[in-house]
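One structure is given here, and the rest of the page talks about it.
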Amino acid sequence: MPGQHLAGLNPPQQEAVETLSGPLLVLAGAGTGKTRVVTCRMAEIVSRGVSPSAICAVTFTNKAAKEMKERVRKTVRLGKKKLQTMVVSTFHSLGLRILRDHGHHLGLRKGANIADESDQLSIMTDVMRESGLARTVIRPNDARWKVSLWKNQGLRPDDALESAELGVESTLAVAYGRYEAELRRQGLLDFDDLILRPLDLFKEAPQVLRGLQDQWHYLLVDEYQDTNGCQYELIKAIGGARRNICCVGDDDQSIYAWRGADPERVLRFTRDFPGAVVVTLEQNYRSTGLILEGANRLITTNTQRREKKLWSALGRGEPIELYIAEDEKDEVDFVTTRAMLLGQKEAMCWEDCAILFRANSQCRPLEQALRARQIPYKVVGTRSFFDRREVRDLLSFVRLAKNPADDAALLRIVNVPPRGIGKSSIDKVLGWAAEDRASAWSTMKRRADDLPARARDGVRSLEEIVTTIEELARVEGVTPAISWLTEATQYRDHLRQTVDDALELQTRLTIVDELEDTARTLEATSGKASLESFLDTLALREQDFGDKEDQSDGITLLTMHAAKGLEFPYVFIVGMEEGILPHRNSIGSEEDDAPDDRAIEEERRLAYVGVTRARQRLFLSYARERTRFGRTVKRTMSRFLEELGLDTLHVTDSTDDTPADPEVGREMLRKIRSRFSGGGPSNVDSETVTDTKGAPDSGAAAPTKKAAWWESMDD
DNA sequence: GAATTGAGAATTTTT
DNA sequence: TTCTCAATTC
């Protein structure tokens, strides 16, 4: 029964849903119902009798993948089991899956571990030293990014060396080669390998690729504008000759060029896939007319883009507001005061409101101001649970149990908690290992007797721990293995001894608990898990932690990058200044650097993403002067404000007698300011989600509701 | 091994 | 200004 999923869709949306074969590009502007189209299209395919196992959908984030699965499940009438054969995963999960299933054709070790950022960094630091690259010339972290960029573009060490300029770049290309060799030696894969190595595999074992091509007749790629060269090759290979490939994206929202994404890839689609159908979605269901008008004006300044013009049937709405602040303090005051007003006058829920900024450093002053006024807030996308030392420490034991060649894991926990294996012992072992071309762990075990007595005992006890983890996991599962590990290492005691701050200790102990919970949750949903699947799930962040973000409500603080795909009724964007947005590194600031149009265009797209997050009200602000690094500097307003249509904005500043809300006099504002100017408690470190509950007497009591903003990430 | 100190940098970072 | 990182020192 074809066409059963077309109800309620506009004509272009219907066309996208009905075009089932051949290459299809869905140019989905912000807020045009992309997710809806994608899920309906998949439902349509299935309802025409295609097995779900013939469909593969690729996204960038776990959240998007989860969302898509969920929506398809709700749309398609089909048994759960049947539906689960449909692959909906991130690029990285897909790559890893392919490598886990077929990696042996590449001589890939069975237990290859995934290197996290700090592993990458320490390996990079080592190989830089060997290559004679001082960290004053290029910082290891920057080197890591550069190498990652090369890998994203599909450049191997040889290619990089060839294309590199003489000097630092070519030395770095040499270091890149050593970095790769070191990863392999330790049986590690970095994130980029998860995309790059499957391409090697397809060359090495074409039958594997053929198998995948036979399996997946329908391919879907989400956020196509963000795909890098490597990811493009991967999907093109799998899409193969069948070319049933549907890419969904918006060139105007391409904001990851600096990570190797090519914003022009969307523009090239019809050349890359001749005969492609292009459907453009322009009706926006999110924002009011005036917001969209501003957004359209802004983005049409860009030259490299597909023509499209968002329109809204939601009415004109309120004008975009601009507040010109005296300084950063005044700007932050404006945001918090305005937010409280909205809470009182328009019954805005805190969770309906977001504050967007360009750089994370802009976050802290906002947090402080919100805390002082006891407005609850949460910060999205800061250092995650997975990057916590406690998690990485404990997982390193597990990694070592799975892959004895993983020197990075060994070095992290060799003496954590202290077991008498000091620096000199470690150096000795590393020396022997290098001579024998063996792994550090095997060498350490084999030659423990050549070490001082205390170190020897330490090695034996570590050996005991590692073997037991492996056995426990194999026989009883991951959960008992992890619980046993924390007990046997007395990791909690170790924390109690080394952390003196009570609050900090509490946080860290909780993290240990949560790691155990994670194992439990994983095994509760999918049965006894192997060490491998446990580690993979964590490394790719495929699992949520305790649904913590769902419980908290409050104003959301996030970067514009993190805001992509989200929407809020009320949006503040702060720091609309030259040097911040567009960022100074994109302006071509250096002496002889010509202004880089492409960089500016990306900043403009970023601003566009920010603006199009707003449903009803949009507040922009900048400061006339700002204290940066201890020095007060004059600021100029962002060129993007002009491009948005300065004359259409409702502009106010601190001296204005008609403050932002025309109905509320300046007196009122002042009153509110002074009422809440008393300092509140401070001293909370931000983690993944910081939730500061407003006290009952805060007077900032906006109503709250349960429906969460992340339920609608429809872009 | 832990604490101290000094230099250098201060975008965004889906996995 | 304020953070990070690594070398130095006790």
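In what follows, chains carry the letters A, B, and so on, assigned in the order in which the sequence lines appear, proteins first and then strands, with residues in each chain numbered from 1.
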For the ring pair A/H92 and A/F60, is the centre-to-centre distance below 6.0 Å?
no

Answer with yes or no whether the side chains of A/R259 and A/N152 bring together a donor and an acceptor at under 3.5 Å.
yes

Determine the Euclidean distance between corresponding C1' atoms of B/dT14 and C/dC3; express it in Å to zero decimal places.
26 Å

With nearest nucleotides of DNA chain B determined for A/H561 and A/G422 from heavy-atom distances, which residue corresponds to the more 5′ nucleotide?
A/G422

Need one value for A/F91: base, sugar-phosphate or nothing, where a base atom within 4.0 Å counts as base even if backbone is also close, heavy atoms only.
nothing

With the six-membered base ring of C/dT2 as reference, does the ring of A/F629 sit under 5.5 Å away with planes under 30° apart?
no

What is the nucleic acid contact for A/R628, judged by heavy atoms within less than 4.0 Å: base, sugar-phosphate only, or nothing?
nothing

To the side chain of A/A359, which of B/dT14, B/dT11, C/dA6 is closest?
B/dT11

A/N415 near the nucleic acid: base, sugar-phosphate alone, or nothing, with a heavy-atom cut-off under 4.0 Å?
sugar-phosphate

Euclidean distance, atom CE of residue A/M124 to atom C1' of C/dC5 [Å, nearest integer]
17 Å

Send over the distance from A/Y256 OH to B/dT12 P, rounded to a whole Å.
11 Å

Under 4.0 Å, counting only non-hydrogen atoms across every strand here, what does A/R364 touch: a base, just sugar-phosphate, or nothing?
sugar-phosphate

Which of A/R541, A/R412, A/R144, A/R389 passes salt bridge (Lys or Arg N to Asp or Glu O under 4.0 Å) with A/D116? Answer is A/R412

Not counting sequence neighbours, which residues clear side chain to side chain donor-acceptor pair (under 3.5 Å) with A/R97? List them please.
none

Rounding to an integer number of Å, can you tell me how far A/I138 CD1 sits from B/dA9 P?
12 Å

Any strand counts, and the cut-off is 3.5 Å on both contacts for Watson-Crick or G-U wobble. Which nucleotide pairs with C/dA6?
B/dT5

Map A/S424 and A/N62 onto DNA chain B by nearest heavy atom, then report which one ends up closer to the 5' terminus.
A/S424

Spacing of A/H494 atom NE2 relative to B/dA2 atom C1', expressed in whole Å
13 Å

Stacking check A/H583 vs B/dT11 (5.5 Å / 30 deg)
yes

Side chain A/R358 and base B/dT12 donor-acceptor under 3.5 Å:
yes

Is the cationic atom of A/R635 (NZ for Lys, CZ for Arg) positioned less than 6.0 Å from the six-membered ring centroid of A/Y622 and within 45 degrees of its normal?
no

Using purine N1 to pyrimidine N3 plus N6-O4 or O6-N4 for Watson-Crick, or N1-O2 and O6-N3 for G-U wobble, each under 3.5 Å, what pairs with B/dT11?
none

note: A/R144, atom CZ; B/dT15, atom P; distance rounded to Å ~ 15 Å

Length of the line joining A/K423:NZ and C/dA6:P, which is rounded to integer Å:
13 Å

So, do A/W258 and B/dT12 meet the stacking rule of ring centres under 5.5 Å and planes under 30°?
yes

Will you find, in the side chains of A/E331 and A/S621, an N or O donor that is under 3.5 Å from an N or O acceptor?
yes

Rounded distance (Å) that lies between atom C1' of C/dA6 and atom CG of A/L121:
12 Å

Answer with base, sugar-phosphate or nothing: what part of the nucleic acid does A/E117 contact at a heavy-atom distance below 4.0 Å?
base

Measure from NE2 on A/H92 to P on B/dT15 and round the result to the nearest Å.
9 Å

